[in-house]
Amino acid sequence: MRGHYNVLFLCTENSARSIMAEAILNFKGRPHFTAYSAGNHPSGAVRPEALRQLEAARIPTEGLRSKAWDEFSRPDAPRMDFVFTVCDNAAKEVCPIWPGQPMTARWGVPDPAAVPGNDAEIARAFRDAYFLLDRRISLFLNLPLASLDEIATQREIDAIGQNRPPVPQEH
């Protein structure tokens, strides 16, 4: 695989999980990765709790916005190398399917916006989602993509989404 990769994070509303994933990967992955996010039914607004969590982690938030995935299916859109859905499979959320040839994986994350409770409980849910995304993105960034074939890469990105440790590579 080549040296620069475009990554799209998809979720239903594109207001919290996919937005945080976009920001984390853009912060940690440059210059080798450019992250985007979108939703199949975007809310039109980024959750303030997601922005507060990113700001607490000192991750830039400017330019983050809720957007439809149609934006990335236009002819002039960047070509995606990876598409990760971050919808919560356990909560039976419907995850969007991305057409085309990018490598895809489900990295389900419980929806912090769906957590009832007081401000502290909601903040904890956003913090938990952030740390799960941050861990998965860190594992992804440590994959030796340049030396893995497509089958091995698919196995690794699937393992990350299932909270399994990546398979050690022979050198």
Side-chain angles (χ1 to χ4, degrees), residues 5-29 33-54 57 59 64-73 80-117 121-143 145 148 150-167:
Y5 307 95
N6 289 324
V7 179
L8 178 62
F9 292 97
L10 293 177
C11 205
T12 305
E13 294 185 351
N14 188 225
S15 66
R17 295 166 289 184
S18 51
I19 292 282
M20 288 192 291
E22 173 187 4
I24 293 165
L25 183 56
N26 277 331
F27 181 71
K28 291 184 162 190
F33 293 86
T34 302
Y36 305 91
S37 68
N40 54 343
H41 298 290
S43 69
V46 177
R47 292 289 301 238
E49 302 93 340
L51 295 174
R52 280 195 292 275
Q53 181 58 52
L54 290 167
I59 293 179
L64 294 174
R65 62 188 176 83
S66 178
K67 53 209 160 294
W69 66 357
D70 298 351
E71 200 170 301
F72 298 98
S73 62
M80 295 301 151
D81 300 293
F82 296 93
V83 176
F84 299 124
T85 57
V86 293
C87 305
D88 185 12
N89 297 332
K92 303 293 186 245
E93 285 184 281
V94 176
C95 293
I97 305 294
W98 188 255
Q101 299 301 314
M103 302 198 82
T104 63
R106 289 183 180 220
W107 287 4
V109 174
D111 186 1
V115 170
E121 291 166 325
I122 293 168
R124 184 173 30 260
F126 275 85
R127 189 170 47 253
D128 291 348
Y130 169 86
F131 282 120
L132 180 55
L133 290 164
D134 184 65
R135 178 180 178 274
R136 289 178 175 170
I137 289 166
S138 293
L139 289 169
F140 176 64
L141 288 172
N142 283 301
L143 290 176
L145 294 175
L148 293 177
E150 283 191 31
I151 293 170
T153 300
Q154 186 66 58
R155 182 178 62 241
E156 297 299 330
I157 63 175
D158 286 342
I160 290 169
Q162 296 167 6
N163 292 326
R164 294 190 322 252
V167 178

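Any value given below was found using the heavy atoms of this structure, including those in side chains, with hydrogens, waters and symmetry copies removed.
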If you compare all heavy atoms of [X] against all heavy atoms of [Y], which two are closest, and at what distance to 0.1 Å?
| X | Y | value |
| --- | --- | --- |
| Ala125 | Val115 | CB-CG2, 3.5 Å |
| Arg17 | Leu133 | O-CD1, 3.4 Å |
| Ser15 | Ser43 | CB-OG, 3.3 Å |
| Glu150 | Met103 | O-CE, 3.1 Å |
| Ser18 | Cys11 | OG-CB, 3.7 Å |
| Asp158 | Ala105 | OD1-CB, 3.6 Å |

Can you find a pair of side-chain heavy atoms, one from [X] and one from [Y], that are under 4.5 Å apart?
| X | Y | value |
| --- | --- | --- |
| Asp128 | Val109 | no |
| Phe82 | Leu145 | yes |
| Lys67 | Pro42 | no |
| Trp69 | Asn14 | no |
| Phe72 | Leu10 | no |
| Arg135 | Phe131 | no |
| Ser138 | Leu141 | no |
| Thr12 | Asn40 | yes |

Atom [atom1] in [X], atom [atom2] in [Y]: separation rounded to 0.5 Å?
| X | Y | atom1 | atom2 | result |
| --- | --- | --- | --- | --- |
| Leu143 | Glu156 | CG | CD | 5.5 Å |
| Asp111 | Phe126 | CG | CZ | 7.0 Å |
| Glu49 | Met20 | CD | CE | 9.5 Å |
| Asp134 | Arg127 | CG | CZ | 13.5 Å |
| Phe84 | Ile160 | CZ | CD1 | 7.0 Å |
| Phe9 | Thr85 | CZ | OG1 | 10.5 Å |

- Task: If the plane angle is over 60° it's perpendicular, under 30° parallel, otherwise tilted; pick one for Phe140 and Trp107.
- Result: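 Perpendicular.
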What residues, two or more places apart in sequence or in another chain, satisfy salt bridge (Lys or Arg N to Asp or Glu O under 4.0 Å) together with Glu13?
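Per chain and number, Glu13 pairs via salt bridge (Lys or Arg N to Asp or Glu O under 4.0 Å) with no residue.
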(Q) Under a 3.5 Å distance rule, please check whether Asp81 uses its side chain to pair with a backbone N or O of Asn6 as donor and acceptor. (A)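 Yes; judged by distance alone, with no hydrogens or angles, the pair exists.
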For the backbone of Thr104 and the side chain of Gln154, can you confirm whether one donor and one acceptor N or O come within less than 3.5 Å of each other?
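A pair under 3.5 Å: yes.
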